[in-house]
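These figures come from a predicted structure and were not determined experimentally.
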There are 2 protein chains.
Amino acid sequence: MKKIESVKNTQVKQWKKLQTKKERDKTNTFLIEGFHLVEEAIAYPDVVAEIIISENVKIPSEWDLANINVTIVTEEIIKEISETETSQGIAAVCKQVSKPDLKLENSRLLLIDAVQDPGNLGTMIRTAEAAGVDAIIVGDGTVDTYNSKVIRSTQGAVFHLPIIKGNLIDWVHNLKEEGVPVYGTALLNAKPYQEVQNQGAFALIVGNEGNGVSKELLSLTTQNLYIPIYGKSESLNVAIAAAILIYHLR
Amino acid sequence: MKKIESVKNTQVKQWKKLQTKKERDKTNTFLIEGFHLVEEAIAYPDVVAEIIISENVKIPSEWDLANINVTIVTEEIIKEISETETSQGIAAVCKQVSKPDLKLENSRLLLIDAVQDPGNLGTMIRTAEAAGVDAIIVGDGTVDTYNSKVIRSTQGAVFHLPIIKGNLIDWVHNLKEEGVPVYGTALLNAKPYQEVQNQGAFALIVGNEGNGVSKELLSLTTQNLYIPIYGKSESLNVAIAAAILIYHLR
């Protein structure tokens, strides 16, 4: 096992750079923190490139790290590369998963159009995975999936299903060609969701916190849905709306 | 209109103290920030005790402030009493609403057992209000409803329905006596929620992020429910679970 003791070490600087989207995109990797997330990640072959651990903490003996590099560092270094206030003393560099072959005709998909808040995106990934969604398609203008706040909010679900960057307009065209019903979420020209009974495959599009799903996408869907508001609130949080609709559609 | 220019003014110190639960409990008031929340609050008679506004910003001309005190302060003072990073230059002192007379037999209620995260509590208040829930009963061990992060996450819904502190065990007994079905959320000895078709009144209990609803409460309910997990995640976020169940039950 390698040991690094200086925060000025070039490797430490490299890890810290992974806090930026630019560096994550360039290297196709991202950094995760904490025992729970690292444990979720090592359950998958070929996801974790490297574990970084403080000299003050111990790796659980049941972890199988046969093919994973481990670097021991000082507490100061772990704090330097950490984005949380209280680091657990463990982090890992993970590889961004490449696009899998999805069979569209049987899929349940969540399409995400320009969602800005990392907590909302992470919570939607967690909920969609729990609900048995097969993949998440992330459109332009959405917060980076590999942002550390997104990863934390997924509670590890980010490792359990494919998350694919794509052009949502192309996806909607392809899904409809394969006979998959595509549902938008909208307040106008939409049906109350309770009136739609879905069988099998579906794609659900959710949109930006302020502006909703783009008009162009809404014009392409099979059907747009809304969730009735019975109180005085103007709207629901996007992650809440996504959860109600996904569990209804499946 | 009064004007205050020194951050050392005792009134400023008093406002700042409202960042603590102790002071909020003692004075039965709380502080809100931002144009949206203040606008929601002034729509109700007898909620806003006082508006505090920076000399740099203007009160919208359509606001009716006939019976509300307004104090103009410096930008430095607004920043001093603000808990957000970028203050909009407006805040208000509001009165905590007292317990209303609820007719239990027709009510839809959300009971909250020891939820810790302010964002989760605020989002649940927002969702419940949107779903037409009549009141929220907050049990011991739950984060303070008048915490500024809770208030922000409610998006103003905190003003639209009664939020009552209470002993949940007493509430469950009273609700059952009035014939209101009480549903707990649990992973063991529970039914999939889709199997329960509710008519009219209900009370739903959601619990702590780590430990769920207390065993004692779960033993008193009419029926405990769970949301099936079809993926590999261990659980759903509590605000997500509450949303799925409330919209299903109503």
S.K.: With a sphere of 6.0 Å drawn around CD of A/E62, does it hold more than 12 non-hydrogen atoms of other residues, nucleotides or ligands?
M.R.: yes
S.K.: Taking NZ in B/K95 as the centre, count heavy atoms belonging to other residues, nucleotides or ligands within less than 6.0 Å. Is the count above 12?
M.R.: yes
S.K.: Is it the case that more than 12 heavy atoms not belonging to B/L65 sit under 6.0 Å from its CG atom?
M.R.: yes
S.K.: From A/Y247 OH over to B/L245 CG, what is the distance, rounded to the nearest 0.5 angstrom?
M.R.: 10.0 Å
S.K.: Name, in order of residue number, those residues of residues 113-127 of chain A that have a heavy atom at a distance of less than 4.5 Å from a heavy atom in chain B; otherwise write 'none'.
M.R.: A/T123, A/R126, A/T127
S.K.: Would you say that more than 12 heavy atoms from the other residues, nucleotides or ligands in this model lie under 6.0 Å from the NZ of A/K16, or not?
M.R.: yes
S.K.: Among B/T154, B/I229, B/I246, which residue has the highest count of heavy-atom pairs closer than 4.5 Å to chain A?
M.R.: B/I229
S.K.: Specify the closest pair of heavy atoms between B/A243 and A/I240, including all atoms of both residues, with the distance to one decimal.
M.R.: CB-CG2, 3.5 Å
S.K.: If you tally heavy-atom pairs under 4.5 Å against chain B, which of A/A157, A/A130, A/G156, A/A242 wins?
M.R.: A/A130
S.K.: Which of the residues A/H160, A/K232, A/H248, A/E234 is involved in the greatest number of heavy-atom pairs with chain B at under 4.5 angstrom?
M.R.: A/K232
S.K.: With a cut-off of 6.0 Å (strictly less than), are more than 12 heavy atoms of other residues, nucleotides or ligands near CG of B/N189?
M.R.: no
S.K.: Taking atom CG of A/L187 as the centre, report whether more than 12 heavy atoms of other residues, nucleotides or ligands fall under 6.0 Å from it.
M.R.: no
S.K.: Between A/Q155 (side chain) and B/S233 (backbone), is there a donor-acceptor pair under 3.5 Å?
M.R.: no
S.K.: Below 4.5 Å from any heavy atom of chain B, which atoms of A/S153 appear? Answer side chain, backbone, both or neither.
M.R.: neither
S.K.: Just give me the residue among B/L161, B/I244, B/V133 that pairs up with chain A most often, heavy atom to heavy atom, under 4.5 Å.
M.R.: B/I244
